[in-house]
Structures are given as C-alpha cells and as structure tokens.
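Here is the naming used below: chain letters follow the sequence lines, and residue numbers restart at 1 for every chain.
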Protein chains: 2
Amino acid sequence: MPDAHDVLFRTLADPTRRALFERLCREGEKTVGALTAQAGVSQPVVSKHLGILKQAGLVRDRHEGRQTHYSAQLGALAPLVDWTREMAGFWQSRFNALEDLLKRMDQ
Amino acid sequence: MPDAHDVLFRTLADPTRRALFERLCREGEKTVGALTAQAGVSQPVVSKHLGILKQAGLVRDRHEGRQTHYSAQLGALAPLVDWTREMAGFWQSRFNALEDLLKRMDQ
DNA sequence: AGTTTACATAGCTCTACAGCTATGTATAGA
DNA sequence: TCTATACATAGCTGTAGAGCTATGTAAACT
C-alpha cells in the first residue's frame, strides 16, 4: 500500500500527465476535448491520464451533458509540500545551501 | 531533453530511491554499505539508485579510501518548491481550498 | 429511430527501468 | 604479493505503464 507521497510523485512523474495538470492549474476547468486538442496524444490516453490524476486527488470531474469538465484540486499537493518541508527541516542545522530554499518557501 | 521538474519528479517517484534520499536527509552522510544494510535491496541496486540521485543533483559523493560517502543536497529540491508555488499561484484567485496549502507553505 | 458527438473502456504492443547475479576496480590489511 | 573488503559496472530478466486502435456508452440533434 503506497503512501500519499508515493502516489503524488508517481502521478506527477509522467510529463504528459503533469502537463495536463499544469494546464488545468493555469487555465482552469477544461473539457477532455479541449485538453486533447493540445496534449499531443490521443483522446483515450488523455482520459486515462485524467483518471489517474483523479485517483490521486489532483483533479475533479464535473459532468455536463456529454462533456466532462476537469479541474485541478490544488489541496492535493499538500502532502508534497509537507514532505519537502520535512526534508528541509532535517537539514536545517547542517548546511546553509538550504538558505536559498527556505527563502523561496517563505516567499 | 527533460526539464528540471521532470528529472526531479521521476527521480523521486521510485520508493526505494526516495527512501534512500530521505535517510540521507534525516541521518546525514552515509556510506553505501550503511545504506545497503537497511535498504532491503542488493548493494548494486543501491549504488545504481545513488547514481541516479547524483545525476539529479540530489546527492553528493565523497570518496574516502575504498568507501564512498553520500550526502543529500537539499538545494536540488528548489525547482520542485518553485513548481508547487507556481501551481498554487495560478490558482490563487480561483478557489480557497488552497488556503490550507498556502498556510502550510508560509508556515 | 438513426446519426453524430464526447468521452470512457478494453485490449494490445513496446519501451523504460527496477531488481537480480556476476564481475571489475581499487584500497586496506596480512 | 595475496587476500579481503567496498563499491561500481555489466548484463540479464521481469514487470509496470504509456502509447496506440477499436469499441462501448450515453447524450444531443435531425
């Protein structure tokens, strides 16, 4: 039974799938057709990726007639942020190459 | 040519490899032997994973006699943090399920 | 009812890669 | 120098999964 980090990393590791998620983040809700038009892969492949993103909790779907609208669920990224913070935390007292990183995280 | 995000996500997607990186973050510098003893896979596999982590910039190696000491390079996680922040940014004006996330990121 | 459109599912192939064992290389010790 | 130790590399096998085409399902339109 893979943990939350596992699912997130594995889901986002595929470039095509990550690109779909990024588009949904940037441009908001999109239909499968609209996503397919720019994805560079076939419609079944897009549907499959969206299914995997949905399983990971990264997207929601909304049915409207025969269209399905997908949208990103940003909250699902929380475990990833936590993991990064945790790794950074372990290191906090060791090096200072991480100052850059912490500056980024704290904005 | 895969970009930095691609390399990071793909590198961290493997559980065995991510576990190695996590141990190096938690416990600091370790030899290949010490890592192998707890990894649950053979020594060549550990060496291979460490090589991949090194290529991704996530670890450094230091040779001392016939031992090789590996240590985590936290700075390499920066692109991942930036990516997450970017995705969050795109959404900032859309939903507020992300308030949780931003709270975490800003500490 | 029949057709078209939108998406999902099924079934296949092919490649990437994680794991193994065996071997190579280099350092430490006898 | 000969052996033992520590790690890296080579070569192989098995499997997960990303892509495809073909087909299924369901809604809109005529």
Under 4.0 Å between any heavy atoms, over every strand shown, what does [X] touch: base, sugar-phosphate, or nothing? Just pick one.
X: B/Val45; answer: base
X: B/Thr36; answer: nothing
X: B/Thr68; answer: sugar-phosphate

Would you indicate which nucleotide in [options] comes nearest to any side-chain atom of [X]?
X: A/Arg10; options: D/dG19, D/dG17, D/dC7; result: D/dG17
X: A/Asp14; options: D/dT9, C/dA6, D/dG19; result: D/dG19
X: B/Arg17; options: D/dT21, C/dC7, C/dA18; result: C/dA18
X: B/Arg66; options: C/dA22, D/dC20, C/dT27; result: C/dT27

Nearest-nucleotide check on DNA chain D, B/Leu50 vs A/Ile52; residue mapping nearer the 5' end is B/Leu50

Using only atom types and a distance under 3.5 Å, with no angle test, would you say the side chain of B/Arg62 pairs donor to acceptor with the backbone of B/His69?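 Not at all, since once roles are kept as given, no pair shorter than 3.5 Å links the two residues.
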
Look at the side chain of A/Arg26 and the backbone N and O of B/Met87, then say whether any donor-acceptor pair between them is shorter than 3.5 Å.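 Here the side-chain-to-backbone pair does not exist.
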
Which class fits the ring pair B/Phe9 and B/Trp83: parallel under 30°, tilted 30 to 60°, perpendicular over 60°? perpendicular

Figure out the [atom1]/[atom2] separation between [X] and [N], and round it to whole Å.
X: B/Lys54; N: D/dA8; atom1: NZ; atom2: C1'; result: 11 Å
X: B/Gln67; N: D/dC7; atom1: CD; atom2: P; result: 5 Å
X: B/His63; N: C/dT27; atom1: NE2; atom2: P; result: 10 Å
X: A/Phe9; N: C/dA18; atom1: CZ; atom2: C1'; result: 18 Å
X: B/Leu53; N: D/dA8; atom1: CG; atom2: C1'; result: 16 Å
X: B/Lys48; N: D/dT13; atom1: NZ; atom2: C1'; result: 11 Å
X: A/His49; N: C/dT9; atom1: NE2; atom2: P; result: 15 Å
X: B/Asp6; N: C/dC17; atom1: CG; atom2: P; result: 10 Å

Check whether any side-chain N or O of [X] sits under 4.0 Å from OP1 or OP2 of [N], and answer yes or no.
X: A/Ser42; N: D/dG19; value: no
X: A/Thr16; N: D/dG19; value: yes
X: A/Tyr70; N: C/dA8; value: yes

Could one point to a donor on the side chain of A/Gln43 or the base of C/dA6 with an acceptor on the other under 3.5 Å away?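 No pair found.
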
So, for B/Thr16 and B/Val41, which heavy atoms are closest and what is the spacing to 0.1 Å?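 What the structure gives for the nearest pair is CG2-CG2, 4.1 Å.
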
Thinking salt bridges, do A/Asp6 and B/Arg18 make one under a 4.0 Å N-O criterion? yes

